[in-house]
Structures are given as C-alpha cells and as structure tokens.
Chemist: 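One structure follows; several queries about it will come next.
In what follows, residues are counted from 1 in the order of the sequence shown. All of these numbers come straight from a predicted model, not from anything done at the bench.
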Amino acid sequence: MCLAVPGQILSIEQADDPLLRSGRVDFGGVVKVVNLAYVPEAEVGDYAIVHAGFAISRLDEAEARAVLKEIAALEDIADEIS
C-alpha cells in the first residue's frame, strides 16, 4: 500500500546539487528529514505531501490540517479496536 502524508517544513538544507535539497518536516510531532528536490518552490512553514522520504507536492495549510485530522481520527478508531 502506498501512503503519502502531509507535513510542515520546519527547516531547509540547501545543497550545491538541487537534487540533494532536504528539509526537516513535522508530521504531527514526528520530525523526519525529507528530500525536497521535487518541490523547489517550497519554503519553511509550507506543507507538503511526502511519500517514501520525498516531498512530492505542496498543499495549502487548510487541506493539510484536514488530512491530519482524519489521520488522527483513524488512529483513535484503531486504539478503540485494539
């Protein structure tokens, strides 16, 4: 199953090679380093959809928060079931 998750870009590491541009991204409290080569226009504070360690597109904050809210609801349901 493929899953892409929205996260907020906390910082960006510029590299000489644009394919190596990376950033720290917050996924609701979990922070991971993500490759930002596919979203060269992304800036600190932006939200991006991330799949397999690569940010693949930007999205607006309202849409990102809606998706994160749905993911949290699914986690609550999973906790109730287990």
Chemist: Is it possible for you to say whether Val67 and Phe54 belong to one hydrophobic cluster, with membership spreading through side-chain heavy-atom contacts below 4.5 Å?
Modeler: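 Not linked; separate clusters.
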Chemist: Count I, L, V, M, F, W, Y as connected when their side-chain heavy atoms are under 4.5 Å apart, and connections chain through other members. Are Val50 and Leu3 then in the same cluster?
Modeler: yes
Chemist: Testing the basics here: between Asp26 and Gly28, what is the closest heavy-atom pair and its distance to 0.1 Å?
Modeler: OD1-N, 3.2 Å
Chemist: Give, for atom CG of Leu74 and atom NZ of Lys69, the distance between the pair rounded to the nearest 0.5 Å.
Modeler: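 Between atom CG of Leu74 and atom NZ of Lys69 there are 12.5 Å.
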Chemist: I'd like to know if the side chain of Asn35 reaches the main chain of Leu19, judged simply by a donor and an acceptor atom lying under 3.5 Å from each other, with no hydrogens or angles considered.
Modeler: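 The answer is yes, because a donor-acceptor pair under 3.5 Å joins these two groups.
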Chemist: Under 4.5 Å between any side-chain heavy atoms of Glu63 and Tyr47, yes or no?
Modeler: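 Of all side-chain heavy-atom pairs linking Tyr47 with Glu63, none is under 4.5 Å.
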Chemist: Quick one: do Ile9 and Val5 end up in the same hydrophobic cluster if we chain Ile, Leu, Val, Met, Phe, Trp and Tyr together by side-chain heavy atoms under 4.5 Å apart?
Modeler: yes
Chemist: How far does CG of Leu10 sit from NZ of Lys32, to the nearest 0.5 angstrom?
Modeler: 13.5 Å
Chemist: How long is the gap from CD on Glu43 to CZ on Arg58, to the nearest 0.5 Å?
Modeler: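 Between atom CD of Glu43 and atom CZ of Arg58 there are 6.5 Å.
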Chemist: Output the distance between atom CZ (Arg24) and atom CD1 (Ile12), rounded to the nearest 0.5 Å.
Modeler: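 If we round to the nearest 0.5 Å, Arg24:CZ and Ile12:CD1 are 12.0 Å apart.
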Chemist: Would a hydrophobic clustering, with Ile, Leu, Val, Met, Phe, Trp and Tyr connected at side-chain separations under 4.5 Å, put Val34 with Leu68?
Modeler: no
Chemist: Got a sec, which residues hit salt bridge (charged side-chain N to carboxylate O under 4.0 Å, His left out) with Arg21, two or more places apart in sequence or on another chain?
Modeler: none
Chemist: Under a 4.5 Å cut-off applied to non-hydrogen side-chain atoms, are Val31 and Val25 in contact?
Modeler: no
Chemist: Counting N and O atoms only, with roles assigned by atom type, does the side chain of Glu13 sit under 3.5 Å from a partner on the main chain of Gly23, one being a donor and the other an acceptor?
Modeler: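 Not at all, since once roles are kept as given, no pair shorter than 3.5 Å links the two residues.
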Chemist: Let me confirm one number: the CD-CZ distance from Gln8 to Arg65, rounded to the nearest 0.5 Å.
Modeler: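 Nearest 0.5 Å value for the CD-CZ distance: 7.0 Å.
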Chemist: Look at the side-chain heavy atoms of Ile, Leu, Val, Met, Phe, Trp and Tyr, link any pair under 4.5 Å apart, and say whether Val39 and Leu20 land in one connected group.
Modeler: no
Chemist: Within the supplied structure, the quantity of interest is the number of heavy atoms (other residues, nucleotides, ligands) at a distance under 6.0 Å from Tyr38 OH; does it exceed 12?
Modeler: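 No - once you tally the heavy atoms of other residues, nucleotides and ligands closer than 6.0 Å, there are 12 at most.
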Chemist: Got a second to check how far Ser22's OG is from Gln14's CD, nearest 0.5 Å?
Modeler: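 Nearest 0.5 Å value for the OG-CD distance: 9.0 Å.
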Chemist: Of all heavy-atom pairs between Ala55 and Ala48, which one has the smallest distance, and what is that distance?
Modeler: CB-CB, 4.0 Å
